[in-house]
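Here is the naming used below: chain letters follow the sequence lines, and residue numbers restart at 1 for every chain.
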4 protein chains.
Amino acid sequence: MADGVARDQLRAFIERIERLEEEKKAIADDIKDIYAEAKGMGYDTKVLRQVVRIRKQDQHERAEQEAILDLYLHALGMASAPMNDNDDA
Amino acid sequence: MADGVARDQLRAFIERIERLEEEKKAIADDIKDIYAEAKGMGYDTKVLRQVVRIRKQDQHERAEQEAILDLYLHALGMASAPMNDNDDA
Amino acid sequence: MADGVARDQLRAFIERIERLEEEKKAIADDIKDIYAEAKGMGYDTKVLRQVVRIRKQDQHERAEQEAILDLYLHALGMASAPMNDNDDA
Amino acid sequence: MADGVARDQLRAFIERIERLEEEKKAIADDIKDIYAEAKGMGYDTKVLRQVVRIRKQDQHERAEQEAILDLYLHALGMASAPMNDNDDA
DNA sequence: TTAAGCGATAGTTTCC
DNA sequence: GGAAACTATCGCTTAA
């Protein structure tokens with residue numbers, strides 16, 4: 001009966017994953033509903049989607065900019081204050 | 001100042017969508033974490049993913065089977081009891 | 001001997017694809033070589049890659065901006081000159 | 001004005017890389033077109049892709065087999081006559 | 001209503 | 001081994 005434990009563990013993992021995937025799907029559906037609602041009020045969902053996409057891109061780009069700035073600072077040996085790679089030693 | 005309303009509405013839609021997309025992403029990350037955790041305990045994530053996929057497939061098939069059965073029953077004028085398309089009104 | 005044609009066609013498709021994939025691989029190798037060369041001259045490839053990535057993102061974002069502008073113009077019924085959906089008929 | 005050189009070098013690297021990445025993308029698009037064309041003629045692209053993948057695998061395996069054979073021959077002090085990397089000309 | 005194009009996401013592979 | 005790039009698959013949206 002040694003594998004019973006593994007079996008239960010496995011089952012637990014799967015159930016956690018499936019639970020979360022359901023939640024994810026529910027949220028995706030909610031998003032779809034909002035687009036439908038907006039469309040119902042006369043908005044062009046195509047434009048709306050593009051706006052959302054561009055805003056996401058902006059965020060992403062900003063994050064990359066900051067990442068490269070950190071990279072530069074590191075390269076110059078002058079990282080900004082809390083930029084410790086690892087000095088908890 | 002007539003467009004102020006539309007503007008606010010639009011902004012509200014976008015914010016609702018972005019909020020939900022963040023949640024969705026958070027959940028996706030949670031799922032990834034679980035796979036990582038399972039991997040850390042020696043499970044093969046490739047297999048694990050496959051299991052999850054197959055189970056989803058199964059659910060899907062079962063749902064289809066039931067849909068077909070309902071179709072038959074309807075065609076025969078003998079829908080099973082709670083066969084309301086939509087009475088949540 | 002009717003399937004001979006299909007066979008030849010299939011073979012032709014596969015050969016064209018394989019030829020192109022070889023070219024693609026060759027180019028990917030060239031790119032790798034350049035990074036190696038840059039590294040050999042003291043450049044941090046991590047930074048270099050990030051620069052390239054950001055520049056690509058910029059291009060992408062610009063393209064999206066233009067796409068949404070076109071969308072707006074269309075919505076307003078005032079597409080810029082060569083904005084024919086399709087009048088080559 | 002000492003950094004002008006580094007700057008130019010860096011710029012040159014980036015441009016070379018970007019140029020190659022464009023070419024790579026163009027080829028990738030060509031490949032996609034071929035799949036689309038094949039699909040238009042009734043071929044199942046999923047199967048087609050699998051064929052290509054398997055053939056690549058085969059090439060890889062064959063190359064390994066030959067490498068092993070060469071290893072053996074070398075170990076025995078009897079490398080096959082023309083030990084050129086490429087004399088299929 | 002369905003096909004097809006497109007965008008997003010998930011999975012695989014590769015590099016560090 | 002972990003992160004990043006690339007690929008393939010999937011699902012949505014849209015247009016015929």
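D/T45 approaches D/K39 most closely through the heavy-atom pair CG2-CB, 3.6 Å. The two residues B/K24 and A/I31 have their closest heavy-atom pair at CE-CD1, 3.9 Å. Here the closest heavy-atom approach between residue A/Q50 and residue C/E64 is recorded as NE2-O, 3.3 Å. Heavy atoms only, all atoms of each residue included: C/I68 and A/V47 are closest at CD1-O, 4.1 Å. The minimum heavy-atom distance between C/Y72 and A/V51, with the atom names listed, is OH-CG2, 3.8 Å.
Here F/dC6 presents its P atom at 14 Å from NZ of D/K56, a figure rounded to the nearest Å. Per the geometry, CG belonging to A/L71 stands 16 Å off P belonging to F/dA3, to the nearest Å. A/H60 has its NE2 atom 13 Å from the P atom of E/dA8, to the nearest Å. Whole-Å rounding puts the B/E21 CD to F/dC12 P distance at 14 Å.
The existence of a salt bridge linking B/R19 and B/E23 is confirmed by a sub-4.0 Å separation between a basic side-chain nitrogen and an acidic carboxylate oxygen.
Of the residues in residues 24-53 of chain C, those placing a heavy atom less than 4.0 Å from an atom of DNA chain F are C/K24, C/R53, in numerical order.
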